[in-house]
Amino acid sequence: MSQEKITAASLPPAKSGYAPADYDADYHRSIDEPDAFWADQASRLAWIKAPTKISDVSWDKDDLHIKWYEDGVLNACYNCVDRHLATRGDETAIIFEGDDPSVAEHITYKQLHIQVCRFANALKARNVKKGDRVIIYMPMIPQAAYAMLACARIGAVHSVVFGGFSPEALASRIIDCGATALITADEGLRGGKKVPLKKNVDAALAKKGVDLRTVLIWRHTGADIELEGSRDHILNDVLMDVHPDCRPEPMNAEDPLFILYTSGSTGKPKGVLHTTGGYMVYASLTHEKVFDYQQGDVFWCTADVGWITGHSYIVYGPLANGATTLMFEGVPTYPDAGRCWEVVDKHNVSIFYTAPTAIRALMREGDEWVTKHDRSSLRLLGTVGEPINPEAWMWYYNVVGDGRCAVVDTWWQTETGGILISALPGVTDLKPGSATKPFFGIKPALVDNEGHFIEGAADGNLVITGSWPGQMRTVYGDHQRFVETYFSTYPGLYFTGDGAKRDEDGYFWITGRVDDVLNISGHRMGTAEIESALVAHKAVAEAAVVGYPHDIKGQGIYAYVILKQGKSESEELVKELVAQVREEIGPIAKPDHIHITPGLPKTRSGKIMRRILRKIAENDYGALGDTSTLADPGIVDTLIENRKNR
Ligand code: WTA
C-alpha cells in the first residue's frame, strides 16, 4: 500500500461547496435513516406519481426480493430529456466527437428530444411495445444514446451489446432475452478501422434458434450492406416518416429499464436486470456527487455504451442531471496518443473519467503527448474498471492533472448500477491506489472465507451488507441464479466477487476478483466462457484458463490446452485456437498465451488446481504450495518446463 496521501484541503474545494462535514452528516443519515434519506433523494427526479413506499428488501435466500420506490410512476427518458427543455432546451446535451478528428457535433436538449421521439416512433411503427426486449448493437455515436432513450420512452427494455462482441456472442444474448427487435449501424469506426456491425448481425441472425422480427439500421459510414426483405429497415429513412413527438410511457419504478449481460465465474454471461426508479435516482445522485457535477461542466466518460459505465455515466446519470456529456467514437491513440487531450481542449472538458488500462497505455507513450496540450479546462479526473496501480495513479494526477485535479477512483460493478466506493472531491483525502470510502447508503464489509466479519485493518472478501436503490434486481429469466451467484456464498450478504484490504483509516483498497472472473483492460471475462470457446475446437480435449499480471491490460489471458489423442501442437493450430475464441466471444477475449500441455494439475477428485496454474502463468514457481495431493504431481514439473521454454 502506498503511504502517500493527498489531502482534500491541498486541492481546490468542491465547486458545489460540499465539505467533509457534509459528507459525514449525509453518510450517517443515509445509514441511520436510509428510508428518509432515499425518500429525499427521490425528489431529484420528476415523477408522474411520487413514491410513498421507499424500500422493501429481503436478501434471504428463500424470499429474495429487492424493491425501491415500488408505488412510484415515472419515465426515465422524460427525466433525461423532456424535463430539461424548459430550462436548458438550447444547451448542449451531447457533444459527439467522431473517430475522424474533423467530425464533431453538438446536440441540444431540444434536438435530443426530437431525435429520441423519432427513434421511439420508429420502434412503435415496427410494433415494439412496452416490455419488449430490444438489442442495441451500435458504435459510439449519439444514435446509440437515442436508441436507449427511445426504448426507455416507450417502456421497451434495451439490452446493449458491445460492438466488439462476435456474432456468436450477439446471438446468444438475442436468444437469452428473447428480443424481437435490434438496432444497429451499417458499420462502426474505431481508430480508422471499420467494424462490420450489420454483417455481424446478419451472421448472428443466421444462427440456429435466433428469431427476430425487426432490424433497424442506422446508415453511418454508407457501406454496402445487404437488406433482408421485410426484416431490415434503414433507420434514417424510417425516421423521416414518423412524428417528431412521442408521449413517454408511464412506468412503474420497478418496471425493467434494461438488461446488460456480464460475465461470471460459471456458465454463460448473465442478463443483469436494472429497473427504473431506483437505478435512475442512484445514477443521477452518484454522477452529481462523485464528479462534483455543476452546470457548465463538460463531462467526458470514455467508456463504451456497451458497458455499465456507459449506461450510468454517459447516458442516464449525466442526462438525468441536465449535463453536457461527451460521446467519443474512437480510441485514445488515434490518430496519435495525444487524442484525449486534444479533445479535452477542443471541447473544454472539465471532468474526465477513464480506465486504468488507458492510463497505463498512454503513460507508456510519454509525457509529451499530454503536456503539449493545454488541459486547463480539466478540474477532476476519475478512474474505473480495475485496480489502479499507484504509479499510474500518480502519473494521472501529476501529468494529466498537473497536480491540481482530484482523482476519484470509483469502485463498482454492472450489478451495482452505480458507484459504491469512491472519494468525493473536496471531501476525501486521497491515497493513490485506494478507492477510499463508501458512498451514501453503502455498507461495505470484509469477511473471511467462512463468512465471519473481519474488523479493523485487514484483508478479506468484499461484501455489502444492505441494499441501495441502484442494485440489480435479478438475473433476467433466472432468479435462482441471481440468488446463488450473489447471496449464497455468505447468506444474507451481497458478495461482490472482489477481494479488498481495509487500512487503519478505514479506506478500501480493492485487490481484484477472488473468483474465476478475469479483468482484461477493465473488461470482465469469465474463464469458463473462454474455456468453452476453446473446447469447441475439434482438436481440443480440455482447457483451463487463468489470468496473469499484464503491464497494460492489468490482466492477460493464459490458456492451458490439452489436445485430443492424435492431434499435435503446431503454429497453425495455435492460430486456429485464438481465432476460435475471437469468433465465439470477440477480440477482447483473445488469449495472450496458449500453452499446450499433456495434462493439468488435478486433485484426486478431478478438480483443477487453478492456484498452481496461475503461479506457473506468472512465472512464479517458488510458491506453488503443497502439490502432493495431486493425482499426478509430475505434471507440475512438465508444465514448468514448458513454461520456461516459451
Ligand atoms: C473491477 C465496471 C478496482 C472489480 C464498473 C469489479 C474495480 C469489476 C474498480 C466490475 C476499481 C471496477 N478498482 N477494481 N475502481 N472498478 N473494478 O461489472 O473487480 O464491468 O468487480 O463494472 O471490475 O466490472 P464491471
Side-chain angles (χ1 to χ4, degrees), residues 115-116 118-151 153-154 156-190 193-243 246 258-259 261 268-269 271 305-306 329 582-587:
Q115 294 302 333
V116 169
R118 285 195 192 273
F119 268 65
N121 283 330
L123 287 169
K124 279 183 156 177
R126 301 305 310 158
N127 209 21
V128 176
K129 293 197 273 307
K130 178 172 174 171
D132 289 352
R133 273 81 59 216
V134 176
I135 296 275
I136 298 176
Y137 185 61
M138 288 285 265
M140 275 293 294
I141 56 178
Q143 288 71 25
Y146 304 161
M148 292 164 75
L149 292 165
C151 288
R153 193 167 190 91
I154 66 172
V157 184
H158 60 70
S159 184
V160 183
V161 176
F162 173 56
F165 277 125
S166 70
E168 189 66 47
L170 176 61
S172 74
R173 286 156 173 78
I174 296 171
I175 295 172
D176 189 82
C177 74
T180 53
L182 184 150
I183 305 177
T184 189
D186 48 5
E187 286 179 331
L189 285 175
R190 273 170 67 82
K193 295 198 193 95
K194 294 183 165 158
V195 186
L197 295 173
K198 174 60 165 67
K199 254 201 200 124
N200 289 350
V201 168
D202 291 341
L205 295 187
K207 295 196 187 287
K208 225 175 83 214
V210 187
D211 176 26
L212 197 127
R213 224 171 37 218
T214 298
V215 178
L216 296 169
I217 306 118
W218 176 256
R219 248 192 211 297
H220 179 47
T221 64
D224 266 344
I225 49 171
E226 279 176 32
L227 294 180
E228 161 98 27
S230 61
R231 186 193 74 192
D232 294 354
H233 305 268
I234 297 293
L235 191 47
N236 316 51
D237 299 340
V238 179
L239 295 175
M240 308 275 238
D241 298 333
V242 293
H243 201 269
C246 169
F258 63 85
I259 299 165
Y261 285 85
K268 286 192 168 190
V305 286
E329 186 181 16
R582 284 180 70 111
E583 200 177 300
E584 299 267 330
I585 307 172

In residues 169-177, what donor-acceptor pairs under 3.5 Å come from side-chain atoms, sequence neighbours left out?
{"from": "Ser172", "atom 1": "OG", "to": "Ala169", "atom 2": "O", "distance (Å)": "3.1"}
{"from": "Arg173", "atom 1": "NH1", "to": "Ala169", "atom 2": "O", "distance (Å)": "3.1"}
{"from": "Asp176", "atom 1": "OD2", "to": "Tyr261", "atom 2": "OH", "distance (Å)": "2.7"}

Table please: side-chain donor-acceptor pairs of residues 232-242 below 3.5 Å, with sequence neighbours left out.
{"from": "Asp232", "atom 1": "OD2", "to": "Lys198", "atom 2": "NZ", "distance (Å)": "2.8"}
{"from": "Asp232", "atom 1": "OD2", "to": "Glu228", "atom 2": "N", "distance (Å)": "2.9"}
{"from": "His233", "atom 1": "NE2", "to": "Arg126", "atom 2": "NE", "distance (Å)": "3.4"}
{"from": "His233", "atom 1": "NE2", "to": "Arg126", "atom 2": "NH2", "distance (Å)": "3.3"}
{"from": "His233", "atom 1": "NE2", "to": "Ser230", "atom 2": "O", "distance (Å)": "3.1"}
{"from": "Asn236", "atom 1": "OD1", "to": "Arg219", "atom 2": "N", "distance (Å)": "2.8"}
{"from": "Asn236", "atom 1": "ND2", "to": "Arg219", "atom 2": "O", "distance (Å)": "3.4"}

### Message
Apply side-chain contact (heavy atoms from CB on, under 4.5 Å) to residues Ile225 and Lys199 and explain how you reach the verdict.
### Response
CA-CA 7 Å; Ile225 49 171; Lys199 254 201 200 124; over 6 Å; no

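The aromatic rings of Phe119 and Trp218 sit tilted, their planes meeting at an angle between 30° and 60°.
Scanning both residues, Glu187 and Pro196, for their nearest heavy atoms gives CG-CA, 4.4 Å. Shortest non-hydrogen contact noted between Ala179 and Ile135 is CB-CG1, 3.5 Å. The heavy-atom pair separating Ile136 from Met148 by the smallest distance is CD1-N, 3.6 Å.
Ionic pairing of Arg231 and Asp211 is not present here: no N-O contact between side-chain nitrogen and carboxylate oxygen is shorter than 4.0 angstrom.
Of the possible polar contacts, none joining the Thr214 side chain to the Ala181 backbone as a donor-acceptor pair under 3.5 Å is found. Judged by distance alone, the side chain of Thr184 and the main-chain N or O of Tyr137 form a donor-acceptor pair under 3.5 Å. The closest donor-acceptor contact from the side chain of Arg133 to the backbone of Gly131 lies under 3.5 Å. With hydrogens and angles ignored, the 3.5 Å screen pairs no side-chain donor or acceptor of Asn121 with any backbone N or O of Arg118. Under the 3.5 Å distance criterion, the side-chain polar atoms of Asp186 are matched with a main-chain donor or acceptor of Gly222.
Environment of NZ in Lys130: crowded, with over 12 heavy atoms of neighbouring residues, nucleotides or ligands closer than 6.0 Å. Within 6.0 Å of the CD atom in Glu168, the count of heavy atoms belonging to other residues, nucleotides or ligands exceeds 12.
Under the 4.5 Å side-chain criterion, counting only non-hydrogen atoms from C-beta, Lys194 is not in contact with His220. Looking only at side-chain heavy atoms (C-beta outward), Glu583 and Ser166 stay at 4.5 Å or farther from each other. Side-chain contact between Leu123 and Ile154 is present, with at least one heavy-atom pair separated by less than 4.5 Å. The shortest side-chain heavy-atom distance between Leu182 and Val134 does not fall under the 4.5 Å cut-off. Side-chain contact between Pro139 and Leu197 is present, with heavy atoms from C-beta onward closer than 4.5 Å. Side-chain contact check for Pro142 versus Gln115: every heavy-atom pair is 4.5 Å or farther apart.
Distance check: Met140 CE to Phe162 CZ gives 10.0 Å after rounding to the nearest 0.5 Å.
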